[in-house]
Amino acid sequence: MYAPRTTPWPLVALFTAGYLAPYLLPTTVGRLERGLDLTPTQAGGVGSLLLLSSATAGFLLASRVERTGARTLARLGLVLAAVGYGGAALTTSVPAVVAGAVVGGFGSGTATTVAATRIAAEKDPHRASTLGLLSVSALAGAVYLTVPHLPGHGLTLAAIALTALAVWPLTSRLPGGTAGQAAAESAEADGFATGRLPHRRSGMVLAGAMLLWSLAQNALWGVSGRIGVGQAHLSEPTVGVVFAVALGAGLLGVLAAGALGSRLGRALPIGGGTVVIACCIALSASATGLGSFAFGEIAWNTFYPVVLSYLIGLAASLDPRGRWAVLVGSASSLGTAAGPLTGSVLSAQAGFPVMGAVLAVGLLLVAVPMTGVALHTGGRPLLPGAVRRRGGHPAAVVAATTGTPSGVVPEVGAPEQPVVEIALDGAAVPARGAYDTAAATRAPGGM
């Protein structure tokens, strides 16, 4: 019997604290614009600085989690997030808000880095990242239902700061520096910890593609509130409800991704899902009423976390130590950081519909290399019948079920193992008279 899987709740909570800032980006930028009397470009620039600081943390700390200890870095990140976002929420001075957003962004990036590194070391990283996306989507949806009814520029920033404080107690269950060092030494003994990153070409291609993929997503996400209020002529509470419903639909998408697992591999969800997202972005950016705006946002947010969960799993599969997961995640954060400013500039220069068309075309182009990496590293799908015909247990089915430890049976999507015929010299040929036939109709002891 296999031991039941334990849910890594500290990692899920840390993932939520790190990812909440990007999820709340539209209302954060909109509140800064209206509450501090900033131009759309200036407000988008503050959002970009926040996310750029988050990406910087990932690049700086990608190789230090094991050495320093997950618990220490996680607590540092949560403190920076609480102090930075909390300070920005309590002041109306624009320089102080910018400084707080940068400090808080570095804290969010630190928390995300620790979560990504530890999730990559899990037996089922896709399940852990799926639970994290579920958590952050639910929390962000609750904020979107609450914030539009309350005044103030710093409510979303305060929500992120309070989340960081709430996650703090769970960090006691993360390994400290000594445990992290022991894990590194154990990995070296197993041959996993090498100075050279595995799958370097695939990792670099995936990182570059993820940068552009995230840029396109957040270019629209950063101005979605303005599209709803200015172009679709909706009130802020109505836009907040649309966002909350969209994030709720994202929960269903993540649940579907978790239930589907790796049955379809990673290439189809990543490539096909990105094509659907491109169409949704074009529709949402050209919306002029509640129907088209709501449909575009809800459909987009349904597929976005699905594709993201598979991309996180793909990055985690490239290196068991989680280095590619952190580096690809940091590249994604760079794209996320550039998104609000890109969306603001494109929409100001060409309008929202043209901006959506440009982003959609870019997503269609970037879907090709991402799908190629998934195909190259995932191998040919392994069908259950193929395993059974080889004389073994239907391992592809078992590998997709709950409770199966990794490494015992082939993973769904893994390349088939070659069959080698071994010739036996001098095999004995049984004589015909050494055995008799069996007949079901013969009575016991009969002749």
Side-chain angles (χ1 to χ4, degrees), residues 13-36 38 43-55 78 81-82 84-89 97-98 100-109 111-112 132-167 214 217-229 236-237 239-248 250-251 297 300-301 304-305 308 332-333 336-337 339-341 343-344:
L14 199 61
F15 185 99
T16 302
Y19 263 81
L20 187 59
Y23 266 69
L24 295 180
L25 189 64
T27 186
T28 300
V29 171
R31 286 279 171 149
L32 291 177
E33 177 185 346
R34 291 185 293 273
L36 300 179
L38 301 177
V46 175
S48 292
L49 284 175
L50 184 158
L51 298 174
L52 180 61
S53 179
S54 179
L78 294 176
Y85 294 128
V97 170
V98 172
V102 171
V103 172
F106 195 90
S108 293
T112 303
L133 290 172
L134 280 172
S135 176
V136 71
S137 297
L139 182 57
V143 173
Y144 276 118
L145 287 175
T146 304
V147 166
H149 302 283
L150 300 173
H153 76 281
L155 288 175
T156 53
L157 298 173
I160 305 171
L162 292 175
T163 301
L165 292 177
V167 171
S214 296
Q217 310 291 329
N218 287 277
L220 178 65
W221 189 235
V223 298
S224 287
R226 290 166 50 200
I227 294 175
V229 173
E236 185 183 357
V239 172
V241 171
V242 171
F243 286 159
V245 174
L247 291 174
L251 292 176
E297 291 289 327
W300 171 36
N301 280 277
Y304 166 78
L308 180 60
S332 174
S333 297
T336 302
L341 187 58
S344 297

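- Taking 4.5 Å as the limit, every side-chain heavy atom of Ser135 sits out of range of all side-chain heavy atoms of Phe15.
- Looking only at side-chain heavy atoms (C-beta outward), Pro22 and Leu51 come within less than 4.5 Å of each other.
- Looking only at side-chain heavy atoms (C-beta outward), Tyr144 and Leu24 come within less than 4.5 Å of each other.
- Side-chain contact check for Trp221 versus Trp300: some heavy-atom pair is nearer than 4.5 Å.
- Residues Leu220 and Ile227 are in side-chain contact: their nearest non-hydrogen atoms beyond the backbone lie under 4.5 Å apart.
- Between His153 and Glu33 the shortest side-chain heavy-atom distance does not fall below 4.5 Å.
- A donor-acceptor pair under 3.5 Å is absent between the side-chain atoms of Ser344 and the main chain of Gly44, judged by distance alone.
- Looking at Tyr85, its side chain never comes within 3.5 Å of a backbone N or O of Ala158 through a donor-acceptor pair.
- Using a 4.5 Å cut-off on side-chain heavy atoms (C-beta onward), Leu308 and Leu133 make contact.
- By the 4.5 Å heavy-atom criterion applied to side chains, Thr16 and Val167 are not counted as neighbours.
- Side chains of Thr156 and Thr28: a donor on one and an acceptor on the other come within 3.5 Å.
- Looking only at distances, a side-chain donor or acceptor of Ser53 sits under 3.5 Å from a matching main-chain atom of Phe106.
- Exactly one of Leu50, Val97, Leu49 qualifies for a side-chain contact (heavy atoms from CB on, under 4.5 Å) with Val102. That residue is Leu49.
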